[in-house]
Amino acid sequence: MEEEFFFESNEDAQRSVERYEEMLRNQDQYFFDAGAFEYIVDFYIEKNDPVKALQVVDFAISQHPYATVFLIKQAHLYILTNNNENAFIALQKAELLEPSEPDIYLLRGNIFQNTERFDEALENYEKALGLAESTDEILLQMAYVYQSMSDYESAITYIKLSLEQNMENQDGLYELAFCYDVLDKQEESIKFYQQYIDTDPYSYAAWYNLGNSFHKLNLFEKAIDAYDYAILIKEDFSSAYFNKGNALVQLDKYDEAIEVYKQTFEYEPPNADTYCAIGECCEKLEKMDEARSYYKKSVKMDPKMADAWFGIGVTLNFEERYFESLHFYKKAIDLEAENPDFWFAMADAYYKLGQIDESIEAYEKVLEYNPLDIEAWLDFSTVLYEQGKLLEASETMAEAIKNNPEAAELYYRMVAYLFAQGNYSDALGYLETALTTDPEKHYILFEYLPQLQDNSAILTVINRYIR
């Protein structure tokens, strides 16, 4: 018979692990009490070695067959190693030994949740709720199930219940922000976070999420104040600095934004997003060399950073290096083929290089991906008009109007094209609509075709609307 060693239950964790590994080396059979086994299992779980942890659990069960704790740990490890069938069996055994143990139902709920059997997951979580002393994590799990079922209202209810149990739960605060976001209920979100801050004024996560909600409602000054509080409480909160930078950009405070973005580097390594954001600020300040150098840093860190490739193109375009800019626009489009802004820049660069067919193709892409871009419709029709394609220009304008019936400038432009074609009666019809939509903008017509200022028919119609 192999020699067995008995340990005191208060033996420290490291010693237990060493004895266990010594036993394996000696191919021996030591005895461990339940507490020591728990230490050893947790040690391997923390080391991210579920296979070794499972071996320990199997050994623990052979020495302590009636200790539910090891069956529960076994089930947990089976879940981690995607062995749901064995996890169910372990939980079944545990339930026979100790049916009032909440972790049994919590883990069973996890399996059902992972396999998208949501009703059964909720059923098990409900059971766990009735048995557990501390319920905030269970309530949060239930909220996740409701999220997976796209029932965000119920998810919000359960997250709030969870937060009532544990005000410190940062995950809950972020999940709540996500649900409010999906439901586009920023005002409700703001109300909640303000109430929460009244109870816990030092919750940096609540201030941060409040800032994000203000940001989404374009209340950038208020957003900045909230981010400042978050930073005051948690000085190394780099996400708050980054979002504060974004809010400053929205207020056109580019110099300040650059400073704030750079502060994130004190608390986390620079990343591609931040380099790209600084590049955009430099670009807005027309510091093109500096902008380009930040964009290059961005793509060096993340070659899939489409905005940074595009930014390099924009800086070259600004310096009238159109041919070079195309190369970078193409790189951006390779990564985001349906981005209308990228195609718009491409169309413009081709036009400036006199490559009209390519420009027309690119404009078609812009408008396919964003038919609400009035500027793009106007520019595209201008290219056609300049090529002498009068009919195509007016057909393009008709399409533009169909997509943007409120945009007066499109009607005024249509008047110009129809006049150029000699189609006066239709032109005057469009002029009436343009003047009804926005009489103030009638100057657009003369900017485009100055000779119309002498046209008595047009002036007669305009004078009926302009007093």
Chemist: So, for L435 and I462, which heavy atoms are closest and what is the spacing to 0.1 Å?
Modeler: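 Minimum heavy-atom separation between L435 and I462: CD1-CA, 3.8 Å.
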
Chemist: Within 45° of the ring axis of F328 and under 6.0 Å from its six-membered ring centre, is that where the NZ or CZ of K331 lies?
Modeler: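 Judged by the rule (NZ or CZ under 6.0 Å from the ring centre, within 45° of its axis), K331 is not positioned above F328.
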
Chemist: Would you please indicate if the ring centroids of F342 and F310 are separated by under 6.0 Å?
Modeler: yes

Chemist: Is there a donor-acceptor pair under 3.5 Å between the side chain of W207 and the backbone N or O of P201?
Modeler: yes

Chemist: Flag the pair Y241 / Y261 as yes when their ring centroid distance falls below 6.0 Å, and as no otherwise.
Modeler: no

Chemist: Without hydrogens or angle criteria, can the side chains of D252 and Y254 be said to hold a donor-acceptor pair below 3.5 Å?
Modeler: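 Checked: D252/Y254 side chains pair up, N/O donor to acceptor below 3.5 Å.
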
Chemist: Output all residues satisfying ring-ring contact (aromatic ring centres under 6.0 Å, His included) with Y193, sequence neighbours left out; order by chain, then residue number.
Modeler: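 With sequence neighbours excluded, Y193 shows a ring-ring contact (aromatic ring centres under 6.0 Å, His included) to no residue whatsoever.
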
Chemist: Taking the six-membered ring where the residue is Trp, are the ring centres of Y417 and Y385 under 6.0 Å apart?
Modeler: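 Yes, ring centres under 6.0 Å apart.
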
Chemist: Are more than 12 heavy atoms from other residues, nucleotides or ligands located less than 6.0 Å from atom CD of Q451?
Modeler: yes

Chemist: Are D379 and V366 side-chain neighbours, meaning at least one heavy-atom pair lies under 4.5 Å?
Modeler: no

Chemist: Is a side-chain donor-acceptor pair under 3.5 Å present for E320 with N317?
Modeler: no

Chemist: For the residue pair A240 and I231, what are the closest heavy atoms and their distance?
Modeler: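 Scanning both residues completely, I find the closest heavy atoms to be CB-CG1, 3.7 Å.
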
Chemist: Can you name the nearest heavy-atom pair linking M288 to E283, along with the distance?
Modeler: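 Distance-wise, the nearest heavy atoms are CE-O, 3.4 Å.
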
Chemist: Look at the side chain of D151 and the backbone N and O of Q147, then say whether any donor-acceptor pair between them is shorter than 3.5 Å.
Modeler: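 Not confirmed, D151 side chain does not pair with Q147 backbone.
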
Chemist: Under 3.5 Å, is there a donor-acceptor pair linking the side chains of S148 and E116?
Modeler: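 Side-chain D/A pair, S148 to E116: absent.
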
Chemist: Quick one: does any side-chain atom of T382 pair with a main-chain N or O of L378 as donor and acceptor, under 3.5 Å?
Modeler: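 Yes; judged by distance alone, with no hydrogens or angles, the pair exists.
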
Chemist: Under 6.0 Å from the CD atom of E266, do we count more than 12 heavy atoms belonging to anything else shown?
Modeler: yes

Chemist: Give me each pair satisfying salt bridge (charged side-chain N to carboxylate O under 4.0 Å, His left out) with a member in residues 350-375, each pair once, sequence neighbours excluded.
Modeler: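 Non-adjacent pairs meeting salt bridge (charged side-chain N to carboxylate O under 4.0 Å, His left out): D348-K352.
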
Chemist: Quick one, Y180 and F192 - any side-chain contact, counting heavy atoms below 4.5 Å?
Modeler: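 The answer is yes; the side chains approach within 4.5 Å.
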
Chemist: Show, in sequence, the C-alpha distance, side-chain angles and deciding distance for T315 and R321, and conclude whether the side chain to side chain donor-acceptor pair (under 3.5 Å) test is met.
Modeler: CA-CA 9 Å; T315 64; R321 294 156 70 181; over 6 Å; no

Chemist: Assign the ring pair F237 / Y208 to parallel, tilted or perpendicular, where the plane angle (0 to 90°) is split at 30° and 60°.
Modeler: tilted

Chemist: Could you tell me whether a side-chain N or O of W343 sits under 3.5 Å from a main-chain N or O of A337, the two making a donor and an acceptor?
Modeler: yes

Chemist: Does the side chain of Y363 reach to within under 4.5 Å of the side chain of S359, using non-hydrogen atoms?
Modeler: yes

Chemist: For the ring pair F380 and Y351, is the centre-to-centre distance below 6.0 Å?
Modeler: no

Chemist: In the structure I gave you, are the side-chain heavy atoms of Y158 and Q141 within less than 4.5 Å of one another anywhere?
Modeler: no

Chemist: Tell me, with the steps shown, if T274 and N271 meet side chain to side chain donor-acceptor pair (under 3.5 Å).
Modeler: CA-CA 6 Å; T274 313; N271 60 50; 2.8 Å; yes

Chemist: Nearest heavy-atom pair of G313 and S325: which atoms, and what distance?
Modeler: O-CB, 3.3 Å

Chemist: For a 4.5 angstrom cut-off between non-hydrogen side-chain atoms, does Y146 reach T157?
Modeler: no

Chemist: Just wondering, are more than 12 heavy atoms of other shown residues or ligands nearer than 6.0 Å to CD in E235?
Modeler: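 Count not over threshold, so no.
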
Chemist: Should S134 and D136 be marked as a side chain to side chain donor-acceptor pair (under 3.5 Å) after you check the CA-CA gap, both sets of side-chain angles, and the distance that decides it?
Modeler: CA-CA 6 Å; S134 152; D136 59 303; 3.2 Å; yes

Chemist: Given side chains that start at C-beta, do those of Q113 and N110 come closer than 4.5 Å, heavy atoms only?
Modeler: yes

Chemist: Verify side chain to side chain donor-acceptor pair (under 3.5 Å) between D302 and Y275, making sure each step is shown before the conclusion.
Modeler: CA-CA 10 Å; D302 179 6; Y275 278 144; over 6 Å; no

Chemist: Run the ring-centre check on Y105 versus Y125 and record whether the distance is less than 6.0 Å.
Modeler: no

Chemist: Using the benzene-type ring in the case of Trp, are the ring centres of F214 and F220 under 6.0 Å apart?
Modeler: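 Judged by ring-centre distance (under 6.0 Å), F214 and F220 do not meet the cut-off.
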
Chemist: Cation-pi between K234 and Y204: NZ/CZ under 6.0 Å from ring centre and within 45° of the ring axis?
Modeler: yes

Chemist: Determine whether more than 12 heavy atoms belonging to other residues, nucleotides or ligands lie under 6.0 Å from atom OH of Y174.
Modeler: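 Counting other residues, nucleotides and ligands, OH of Y174 exceeds 12 neighbours.
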
Chemist: If you look at every heavy atom in N209 and A177, which pair is closest and at what distance?
Modeler: OD1-CB, 3.4 Å

Chemist: Is there side-chain contact between I360 and Y350, with at least one heavy-atom pair below 4.5 Å?
Modeler: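 With C-beta onward as the side chain, the pair stays apart.
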
Chemist: Can you confirm whether Y267 is buried at OH, in the sense that more than 12 heavy atoms of other residues, nucleotides or ligands lie under 6.0 Å from that atom?
Modeler: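 Enclosed.
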
Chemist: Are the side chains of L163 and L139 in touch, meaning some heavy atoms are under 4.5 Å apart?
Modeler: no

Chemist: Is it the case that more than 12 heavy atoms not belonging to K297 sit under 6.0 Å from its NZ atom?
Modeler: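 Buried by this count: over 12 neighbours within 6.0 Å.
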
Chemist: Does the T264 side chain pair with the main chain of V260, one donor and one acceptor, at a distance under 3.5 Å?
Modeler: no

Chemist: With a 3.5 Å distance limit and no angle check, can you tell me whether T396 reaches the backbone of E392 through a side-chain donor-acceptor pair?
Modeler: yes

Chemist: Do side-chain atoms of N166 reach the backbone of S162 as a donor and acceptor pair under 3.5 angstrom?
Modeler: no

Chemist: Mark yes or no for whether S203, through its side chain, and A206, through its backbone, hold a donor-acceptor pair below 3.5 Å.
Modeler: yes

Chemist: Is the shortest distance from a Lys or Arg side-chain nitrogen in E153 or K185 to a carboxylate oxygen in the other one below 4.0 Å?
Modeler: yes

Chemist: Check whether any side-chain N or O of T437 sits under 3.5 Å from a backbone N or O of T433 as a donor-acceptor pair, and report yes or no.
Modeler: yes

Chemist: Shortest non-hydrogen contact from I374 to A407?
Modeler: CD1-CB, 3.5 Å

Chemist: Quick test of your reading of the model: are K191 and E188 salt-bridged, counting only N-O distances below 4.0 Å?
Modeler: no

